[in-house]
There are 2 protein chains.
Amino acid sequence: MVGIDEVAERARVSTATVSRALSGRGYVAEGTRARVHEAARELGYVVSAGASALASGRTRNVGVVVPFLSHWFFAAVVEGAQSALQEHGYDLTLYNLSGGADARARVFDDLLLRQRVDAVLAIGLELTPEEAGRLHSLRKPVVGLGGPLPGVPALGIDDRAAVRLATEHLISLGHERIGYIGGSADFDLDFHLPTMRQLGYRDALTEAGIEIDPKIERGADFTLRGGNDAAKQLLGAPRNRPTAIVAASDVMAIGAILAARELGLNIPSDLSVTGLDGIPDGEFFGLTTVAQYPAEQGRHVAQLLIDRLAGLVEDPAPDTASARLENGVAPAATSPTAGPALARELPVELIVRESTARPRP
Amino acid sequence: MVGIDEVAERARVSTATVSRALSGRGYVAEGTRARVHEAARELGYVVSAGASALASGRTRNVGVVVPFLSHWFFAAVVEGAQSALQEHGYDLTLYNLSGGADARARVFDDLLLRQRVDAVLAIGLELTPEEAGRLHSLRKPVVGLGGPLPGVPALGIDDRAAVRLATEHLISLGHERIGYIGGSADFDLDFHLPTMRQLGYRDALTEAGIEIDPKIERGADFTLRGGNDAAKQLLGAPRNRPTAIVAASDVMAIGAILAARELGLNIPSDLSVTGLDGIPDGEFFGLTTVAQYPAEQGRHVAQLLIDRLAGLVEDPAPDTASARLENGVAPAATSPTAGPALARELPVELIVRESTARPRP
DNA sequence: CTGAAAGCGCTAACAT
DNA sequence: ATGTTAGCGCTTTCAG
């Protein structure tokens, strides 16, 4: 591996100047700068991440923690974050919690503490107070996406408003008997979104003066089959069958559409269906949905971190954050930088396709 | 951050002993060992990755390069690799090539050269000779999964045999008019699997003495819609319609199943369909398929790398690898360690479900 | 604007 | 089995 002194020699400057020229910190004459870059290029020199990290305290690496990857949403977020980070010369080290409790503990007790990362992005996570404490003890920027993080600034879509929007769409079409397929209680442990989404559905009904009927609210597991099973329950009733179904995710909505077909119901004349997510296959099924944009969300949140890192000034008073945390109070912003408050709500969009229409008269 | 000397002090030993006790290299008395661990735990000490890497040359980090993440297969492989690595205390730094040519160049020209990783896992990639050269110049273990890598040992399923197996299943059921939905030429640039899979289909037909009819071979793009469109072409013909379809992926197979339903054909009595992949939703659709196991593949390949890293001895003679590479010859094993040859073929399994049956008499 | 030199926090000989 | 010590390759004062 060619080192910095070889570059220095070739460019006829000191190693200090090479470092400055290549990292862009400190003054370097334009000519010198060019010579250094030229020399580095010719030699194929790339700084050693470890040495640079040790000397500077900056790793140019961001840790991204996800509950699992095998889900469109998380994969897309990571991909988005990745591309934003990569553009700025940051690497992305992935931590996955799907390996069970041990793996999870390891991530929070060891891996994240190794000083391998400058910042942490926590995606779709619900942290325990201990885990949040560990994260805080890093004294590094941490931001969350799509999960409630105690004491950590977090972004996400407004799940409640999103489902409400879908439901309102159906109501505005004239539907009054609207079923709901949401998450079962199990899922509420990891994400609170099931609850939030259900509330959004109820909000819309209530506001429109439609009575809530728990009999046409079903829990499922966010899979195709789950949505399909739930829909069959909803649609199988001989009378007073819903004319529309709001599903808490696109995948479940598609399951519902397939269920309707199996039962000989026509979409949308016999049944309207809405989803939430905006997955690529939604278009194929003509699914009306409230789309969110995970790749953009990932980019956005990564960019936020990059900005913080760039403007990083000083640590806050040593004990403020943890003290607040112990009291169970989530301060508005607990990151090392006193940046502007985060825009909490990420955009969603109602996409009307062929799965919704006026109910039969 | 608490450092190694604080631990040394507390355990009343030297820093060298702390290092040995914690890393497990070199002799340490059992009692000392315990004291050190205890002290480290009490202080919440974790080695600094950067310092350790600089001093030892080992980063305990593996780079994983994927073309993109937004596909079941890649996400599952990464998840599998992740868990194996994590169990052994390795981190996983992800490099994503989906950002276009610039991103791709950056990965090979800078990011991988930063000495941030001990080894590289290249998934589903077809590298240019330059890229392969860069990888080689790292002088680090590199293994590929599911993509032809010039000069790099690579594992993968036998795509040709897999599709052949599916086709043979249909033939054994009595089908003789069997259509094929594969990848279009565009896709062949990145993965060669479309071609290989098509050859497998033809192999089976030829061996059974069935004539190949290019009119019932269709290219598609590995999406639901692509499979659906292609199937409609195949099934729309008024006469001499295939009684079975082999699809080169589960997603396309599902597209075909939905196409059949739309056309009023019954599965499997009017049409049998097979896929390839073993995606979770396959079961819901009753899809007969040849399953592969990406998570296990990822684990396997990660484990391979870990073993190499553990047994790492010496670099091979400086120029052997690159010389061979320049000649365009792919040696059996070009990794620094002269390990046993890799088992190239990863397992697949025919899973028979409800989408296949004997053709109507 | 550039150079000299002191580390960053750890590991690995080499001693003992 | 444990301690001493010299770096690992860079960044960053501090001078000039």
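Proteins get letters first, then strands, A, B, ... in listed order; numbering begins at 1 in each.
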Helix axis bend for the helix from C:dC1-D:dG16 to C:dT16-D:dA1 - C1'-based end axes, five pairs, 10° rounding: 30°
Straight-line distance of B:Leu309 CG to B:His88 NE2, nearest 0.5 Å: 11.0 Å
Could you give the distance from CG (A:Asp110) to OH (A:Tyr95), rounded to the nearest 0.5 Å? 10.5 Å
Atom OH of B:Tyr27 and atom C1' of D:dG3 are separated, to the nearest Å, by 18 Å
B:Glu131 side chain near B:Arg104 side chain, heavy-atom distance below 4.5 Å: yes
For A:Val13, report the nucleic acid contact type (base, sugar-phosphate, nothing); a contact means any heavy atom under 4.0 Å. sugar-phosphate
Nearest-angstrom distance from the residue atom CZ of B:Arg25 to P of D:dA1: 17 Å
Using a 4.0 Å heavy-atom cut-off across all strands, classify B:Ser23 as base, sugar-phosphate, or nothing. nothing
Taking the nucleotide of DNA chain C with the closest heavy atom to each, which residue, B:Leu54 or A:Val28, is nearer the 5' end? A:Val28
Determine whether the side chains of B:Asp5 and B:Thr15 contain a donor N or O and an acceptor N or O closer than 3.5 Å. no
Would you say A:Tyr27 and A:Arg20 make side-chain contact, with heavy atoms under 4.5 Å? no
Rounded to the Å, how far apart are B:Asp5 CG and D:dG3 P? 14 Å
Remember a base hit wins even if backbone is also touched, and classify B:Arg58 as base, sugar-phosphate or nothing at under 4.0 Å, heavy atoms. sugar-phosphate
Tell me what A:Ala16 touches on the nucleic acid: a base, only sugar-phosphate, or nothing, going by heavy atoms under 4.0 Å. base
For D:dC10, take OP1 and OP2 only and decide whether either is under 4.0 Å from a side-chain N or O of A:Arg60. no
Assert: residue with more 5' nearest nucleotide on DNA chain D, out of B:Gln115 and B:Gly26, is B:Gly26
What verdict does the salt bridge (Lys or Arg N to Asp or Glu O under 4.0 Å) test give for A:Arg134 and A:Asp109, after you've listed the backbone C-alpha separation in whole Å, the side-chain angles of each residue and the deciding distance to 0.1 Å? CA-CA 7 Å; A:Arg134 280 287 200 302; A:Asp109 292 348; 2.9 Å; yes
Taking 4.0 Å as the cut-off, does a side-chain nitrogen or oxygen of B:Ser19 come that near to OP1 or OP2 on C:dC10? no
